[in-house]
Amino acid sequence: MTRIDIPEGSLFGLDNLPYGVFSVGDSAPRVGVRVGDSVVDLAAALGEDVFARPSLNAFMAQGHQWWVQVRERITALVGGEVPEAAVFAVEEVTMHLPVEVGDYVDFYASEHHASNLGRLFRPNAEPLMPNWKHLPVGYHGRAGTVVVSGTDIVRPCGQRKAPDEDTPSFGACRRLDIEAELGFLVGTGSPLGAGIGTGEFATHVFGAVLVNDWSARDIQAWEYVPLGPFLGKSFATSISPWVVPLLALEAARVPTPVQDPAPLPHLRDTEPWGLDIELSVAWNEQEVAQPPYREMYWSPAQMLAHMTSNGASTRTGDLYASGTISGPDKRQRGAFIELTWGGAEPVTVDGEQRSFLLDGDTVAITATAPTGTGRLGFGEVRGRVLPAEGDGAAPIR
Ligand code: MN
């Protein structure tokens with residue numbers, strides 16, 4: 001047996017306990033919990049088969065009462081002695097996609113982001129559409145291209161037509177961007193025909209991850225009217241490997257900004273589900289933005305209520321993301337198109353003036369939240385840009 005040492009000020013103390021899927025060497029991927037700089041193999045430590053799986057889905061499907069009970073058991077376990085064979089150093093493990101992703105939806109819940117993008121994409125119109133303050137706007141993304149942090153991102157090809165070009169051309173994206181977001185994982189789903197009320201959020205949603213919604217702005221600008229984002233988004237979405245349980249975010253809960261006009265009754269929050277989470281965006285290891293999640297206009301409980309208000313069912317492993325997190329200040333913008341105002345106000349990275357991503361660039365998003373006594377961490381979502389396949393000259397046949 002061994003005791004797990006938790007370094008002073010660790011973002012992975014006993015009040016965090018995020019879940020992930022890990023392997024060591026050639027061993028089969030299985031569920032672990034992070035404590036300090038260690039990963040505890042839960043199948044080995046708790047003797048529960050549900051953790052000897054390559055995803056969190058089976059555990060998440062067991063439901064809220066079980067999540068609470070397991071968290072109590074883990075807290076007791078790692079506060080005492082743990083079988084030595086169940087403990088690994090975080091440097092020796094490989095992290096995998098933590099869940100088998102069901103459906104994937106991306107929202108657009110930051111008023112600052114939506115207003116900025118409105119001004120950039122439609123300079124001569126009202127920045128916010130008339131529906132924006134009445135419902136959380138979203139679109140269905142591509143679940144099959146959700147990848148775990150560390151996965152390289154191949155620059156997408158697609159149709160682009162710049163405003164000064166007469167006709168579109170096919171080629172490598174010229175305005176590759178990021179979107180720093182928070183993602184929520186549905187643990188227990190809901191049947192067809194039954195919505196999930198805002199008050200039922202915490203019994204359905206298991207936890208949260210960091211999301212980088214890679215975005216090809218030139219492809220997006222040409223394709224998005226009238227049906228919304230498509231190939232400009234679907235080539236890849238990265239998520240962090242550690243799922244922070246909603247149960248660890250109690251001290252981070254805050255009211256959303258004032259919602260005026262008041263939402264319709266079915267979208268009213270019965271309790272506060274804004275979250276005081278601070279993000280940081282690093283471009284080639286240099287911090288360029290600090291997006292504040294507490295500024296998000298719509299809460300994740302409202303997003304889930306809206307998403308199911310037509311009777312659409314949900315399943316274990318469904319992922320919905322918040323949309324780009326941006327605050328009122330320039331340094332709080334979670335997408336480069338906003339941060340650099342469409343390229344008009346570049347930022348200095350590696351001593352150069354930069355607006356969009358170049359091949360070889362790396363982006364890492366991290367986040368922390370208050371716990372009452374300190375802070376907890378989400379780990380990071382990281383990705384590196386690789387050159388377009390075939391140099392973007394022609395579609396791959
Ligand atoms: Mn997005």
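Just so you know, ligand 1 is whichever comes first in the structure, and atom 1 is the first atom listed for that ligand. These numbers were taken from a predicted model, which means no experiment stands behind them.
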Tell me whether Thr75 contacts the main-chain N or O of Arg71 through its side chain, where contact means a donor paired with an acceptor under 3.5 Å. yes
Going through the checks in order, is the ring-ring contact (aromatic ring centres under 6.0 Å, His included) test met by Tyr224 and Phe121? CA-CA 10 Å; Tyr224 89 106; Phe121 276 81; 5.6 Å; yes
For Glu389 and Arg155: C-alpha separation, side-chain torsions, deciding distance, then whether salt bridge (charged side-chain N to carboxylate O under 4.0 Å, His left out) applies. CA-CA 8 Å; Glu389 294 283 347; Arg155 179 179 298 272; over 6 Å; no
Please find out if less than 6.0 Å separates the ring center of Trp242 from that of Tyr19. no
Once rounded to 10 degrees, what value does the angle at the Mn ion (ligand 1) take between OE2 (Glu181) and OD2 (Asp106)? 100°
Here the N/O/S atom of Glu179 closest to the Mn ion (ligand 1) would be OE1
Using only N, O or S atoms, tell me which atom of Asp213 is closest to the Mn ion (ligand 1). OD2
